[in-house]
> 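Could you have a look at this structure, given as C-alpha cells, before my questions?
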Number of protein chains: 2
Amino acid sequence: MELEDILRERDFRLTRPRRVVWDVLSESERHLSAAEIAEEVHRRDPGINVSSVYRTLALLAELDLVRESRLTETSTWEPAHADAVIHLVCENCGATRHHDAALVEDLRAEIARTADFSPSVIDVRVSGTCAKCPAVSAAP
Amino acid sequence: MELEDILRERDFRLTRPRRVVWDVLSESERHLSAAEIAEEVHRRDPGINVSSVYRTLALLAELDLVRESRLTETSTWEPAHADAVIHLVCENCGATRHHDAALVEDLRAEIARTADFSPSVIDVRVSGTCAKCPAVSAAP
DNA sequence: GAATGTATTGCGAACGGTTTGCAAGAGGCC
DNA sequence: GGCCTCTTGCAAACCGTTCGCAATACATTC
Ligand SMILES: [Mn+2]
Ligand SMILES: [Mn+2]
Ligand SMILES: [Zn+2]
Ligand SMILES: [Zn+2]
C-alpha cells in the first residue's frame, strides 16, 4: 500500500515533509540516525525543518511504517521489517548488517512454551566482529 | 571477587559514591534508570552528587560489572548477567522480566555458521504480554 | 597516625538533541 | 476558488547528561 493511502486511511495528510522523510528512509540501504535523516531531507528540500522530521518519524513509527532501533547510544531509523531479520553490529567498525535467522521462530515458540509470556516482537541484536574486521589477537 | 578488589586491580579507588551506587544496583531486583539510581543513592547519602552517579555507572560498565540495557526509550542499569538471560518486556504494564532461553546458544552457533560474523554478545529483547496482563480481544 | 601525592568528587554551568507553543501556511474536499 | 482543519517553520524551552575546576578524600609512605 502506498504511503498516501496509509495516511489517508487514518486521516493524516500527505505533506511534503512526510513524503521526503519517507523517501529518504526507504531509499537508504542502512539505518539512519535522526541527524542523518534531517541532513538528507534538508539536502532535498532546505525548507523542511528539523522538528518536522522528528514529528514525521514519530508518526511513521506510530503507523508501523518505520522502526526505531536502539542498537547503540544513538537510535537509528529504517523502514519496518520482520523480526526474523536480526541485527549484527560490528564492535570494531560499527557497521550494522541484517541477517535472517531461522531460529528466531523457534525462540518465539520456546518463550511462549516456557515463560508464561505471549511474545509479539523479538529483537535480536548481536555484537561481534564482522568479516572485514579480523579479530585482533590477544597480547603476547 | 569483591568490588574493592576489582577496582584496586585496575588502580581505581573504592570511594563512597562507587560503593553506594554498586550497592543500590546489586540489591535491586530489577533494572533501574539513572534517575532511579540517583534517587536511591541520594536517599542513602544526600551528599553524593548526580554527576558522580553517572561517572560511576560509566566506570562500572567499563569494568563489565554492570550492563546498560536500551529496552525502551530510557536506558536502564543492572549488574551484568549472561546473555542467555533474555529480557521480556510487557507492552501493557511495562514490567521487565528475565528468562533463560536455551536456544540463544543455538542462535549464536547459527549466526557464526551462516553470517560470516563472529558473535560475542547476543541481546534478545522480547516485547509481548505478560501473564498478569491478559491479551485484550480485538474489537468486534 | 600524620603527611604526601593523586584520583575523585561536588558544584554549577554548559551542552545538545528533542520537544513545544504558536502564528502562518498548506492539504483535502466541496 | 473557498473553506476548515491539520501541519508546519521558527525560536524558545526542556531536560538528561557531561564538563571544568577547585576542594576533598582515598591510598600509600613514613
Ligand atoms: Mn534493521
Ligand atoms: Mn537484565
Ligand atoms: Zn567490522
Ligand atoms: Zn504486563
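Below, read A as the first sequence line, B as the second, and so on, with proteins coming before strands; counting in each chain starts at 1.
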> Under 6.0 Å from the CD atom of A:Glu91, do we count more than 12 heavy atoms belonging to anything else shown?
yes
> Using a strict threshold of under 4.0 Å (side-chain N to carboxylate O), is an ion pair present between A:Arg70 and A:Asp123?
no
> In whole angstroms, how far is the C1' atom of D:dC6 from the CG atom of A:Leu14?
13 Å
> From CZ of B:Arg19 over to C1' of C:dT8, roughly how many Å is that when rounded to an integer?
17 Å
> Give a yes or no on whether a salt bridge exists between A:Arg18 and A:Glu4, defined as a side-chain N under 4.0 angstrom from a carboxylate O.
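No salt bridge links A:Arg18 with A:Glu4.
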> Using heavy atoms to find the nearest nucleotide of DNA chain D for B:Ala35 and B:Thr15 separately, return the residue whose nucleotide is more 5′.
B:Ala35
> Figure out the NE2/P separation between B:His42 and C:dG10, and round it to whole Å.
10 Å
> Of B:Ser51 and B:Arg18, whose closest DNA chain C nucleotide lies nearer the 5' terminus?
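Here B:Arg18 is the residue nearer the 5' end.
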> Does this structure show an ion pair linking B:Glu62 with B:Arg10, if we count only N-O contacts that are shorter than 4.0 Å?
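The answer is no: the pair does not qualify as a salt bridge.
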> Grab the CG-C1' distance between A:Asp45 and C:dG25 for me, whole Å please.
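Value for this atom pair: 14 Å.
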> Ion pair present between B:Glu36 and B:Arg30, side-chain N to carboxylate O less than 4.0 angstrom?
yes
> Nearest to the side chain of A:Arg55, which nucleotide is it out of C:dT9, D:dC10, C:dG28?
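Ranking C:dT9, D:dC10, C:dG28 by closest atom to the A:Arg55 side chain puts D:dC10 first.
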> Listed in order of residue number, which residues of residues 64-77 of chain A have a non-hydrogen atom at under 4.0 Å from DNA chain D?
none
> Does the ring centre of A:His31 sit less than 6.0 Å away from the ring centre of A:His87?
yes
> For a side chain to side chain donor-acceptor pair (under 3.5 Å) check, start with the C-alpha distance between A:His98 and A:Glu78, then their side-chain angles and the critical distance, and finish with the verdict.
CA-CA 12 Å; A:His98 284 163; A:Glu78 61 173 333; 3.2 Å; yes
> Using a strict heavy-atom distance below 4.0 Å, which residues from residues 2-13 of chain B are in contact with DNA chain C?
B:Phe12, B:Arg13
> Rounded to the nearest Å, what distance is computed from the CG atom of residue B:Leu59 to the C1' atom of nucleotide C:dT9?
13 Å
> Rounded to the nearest angstrom, tell me the gap between atom CZ in A:Arg16 and atom P in D:dT8.
12 Å
> Measure CG/A:Asn49 against P/C:dG21 and give the value in whole Å, please.
16 Å
> Apply salt bridge (Lys or Arg N to Asp or Glu O under 4.0 Å) to the pair A:Glu110 and A:Arg113, showing each step before the final yes or no.
CA-CA 5 Å; A:Glu110 186 194 351; A:Arg113 184 167 48 77; 5.4 Å; no
> Verify the neighbour count for atom CD of A:Glu27: are there more than 12 heavy atoms of other residues, nucleotides or ligands below 6.0 Å?
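Check passes, neighbour count above 12.
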